[in-house]
Amino acid sequence: MGGARILLVDDEAPLLDLLKRYLERLGYEVEACLTPADALKSFEADPSRYSLVLTDLTLPGMSGDEMIARMRTTAPKLRVIVSSGYPYEPKGKRTGFLQKPFLPKMLADLIEQMLAA
């Protein structure tokens with residue numbers, strides 16, 4: 001477990017910080033962004049350094065789906081986990097979904113599954 005670099009995107013600062021600390025404890029390298037614009041800027045600077053993107057579906061200025069679509073124009077095989085309190089149907093086999101609220105173990109298990117795929 002761990003070792004991979006995760007781009008984490010959520011507009012709720014307390015949740016973003018909590019998830020970042022949890023994932024770092026699991027051994028992942030995590031870059032956290034509050035907005036899709038910041039996430040796209042980081043991602044576009046070097047798409048190859050990210051193993052996975054973990055994003056909220058509802059974000060300010062752009063949905064998580066829109067952000068993912070833009071990222072996949074440069075990295076079509078990008079692995080993504082979308083989390084939301086709303087129902088969501090993953091688009092593509094490299095996209096996972098985690099319904100909020102979720103348990104930390106559920107997140108850890110899905111990340112491992114996505115990275116192994």
Evaluate the criterion side chain to side chain contact (heavy atoms under 4.5 Å, CB included) for residue pair Ile111 and Leu52; output intermediate values, then yes/no. CA-CA 8 Å; Ile111 288 173; Leu52 178 94; 4.0 Å; yes
Considering all heavy atoms, the nearest Ser83-Phe102 contact: CB-CE2, 4.0 Å
Could you check if a side-chain atom of Glu44 sits within less than 4.5 angstrom of a side-chain atom of Arg70, using non-hydrogen atoms only? yes
With rounding to the nearest 0.5 angstrom, report the CG to CG distance, Leu34 to Leu59. 10.0 Å
Short N-O contact, Arg49 and Glu29, less than 4.0 angstrom: no
Establish whether Met62 and Leu57 are linked, either directly or via other cluster members, by ILVMFWY side-chain heavy-atom contacts under 4.5 Å. yes
Applying salt bridge (Lys or Arg N to Asp or Glu O under 4.0 Å) as the test, list every pair that has at least one member in residues 16-27; sequence neighbours left out. Asp17-Arg21, Lys20-Glu24
Residue pair Thr55 / Ile68, side-chain heavy-atom distance below 4.5 Å: yes
Do Glu112 side-chain atoms and Asp109 backbone N/O form a donor-acceptor pair below 3.5 Å? no
Can you classify the ring geometry of Tyr50 versus Phe43 as parallel (below 30°), tilted (30 to 60°) or perpendicular (above 60°)? parallel
Measure the spacing between NZ of Lys77 and CZ of Arg94 and express it to the nearest 0.5 Å. 6.0 Å
Does the Ser42 side chain pair with the main chain of Ala39, one donor and one acceptor, at a distance under 3.5 Å? no
Should Asp11 and Thr35 count as side-chain neighbours, where that means a heavy-atom distance under 4.5 Å? no
I'd like to know if Leu19 and Met106 are part of one continuous hydrophobic network [Ile/Leu/Val/Met/Phe/Trp/Tyr, side-chain heavy atoms within less than 4.5 Å]. yes
Counting only N and O atoms by type, is there a donor-acceptor contact under 3.5 Å from the side chain of Tyr88 to the main-chain atoms of Phe97? no
Taking NZ in Lys100 as the centre, count heavy atoms belonging to other residues, nucleotides or ligands within less than 6.0 Å. Is the count above 12? yes
Consider only side-chain heavy atoms of I, L, V, M, F, W and Y, link residues closer than 4.5 Å, and tell whether Tyr86 and Val80 are in one cluster. no
Is there a continuous path of hydrophobic side-chain contacts, each under 4.5 Å between heavy atoms, that joins Leu18 to Leu8? no
Rounded to the nearest 0.5 angstrom, the CG-SG distance for Leu7 and Cys33 is 5.0 Å
Do Val53 and Ile81 touch side chain to side chain, with heavy atoms closer than 4.5 Å? no
Answer whether the closest heavy-atom distance between the side chains of Tyr28 and Leu54 falls below 4.5 Å. no
Nearest non-hydrogen partners of Thr95 and Pro90, listed with the distance: O-CB, 3.4 Å
Say you draw a straight line from CG of Leu40 to CE of Met67; how long is it, rounded to the nearest 0.5 Å? 6.5 Å
For the backbone of Gly85 and the side chain of Gln99, can you confirm whether one donor and one acceptor N or O come within less than 3.5 Å of each other? yes
Flag, side chain of Arg79 to backbone of Met114, donor-acceptor distance under 3.5 Å: yes
Arg72 side chain to Leu78 backbone, donor-acceptor under 3.5 Å: yes
Distance col, row Asp56:CG vs Glu12:CD, nearest 0.5 angstrom, shows 6.5 Å
Distance in Å, Leu110 CG paired with Leu98 CG, rounded so as to fall on 0.5 Å steps: 6.0 Å
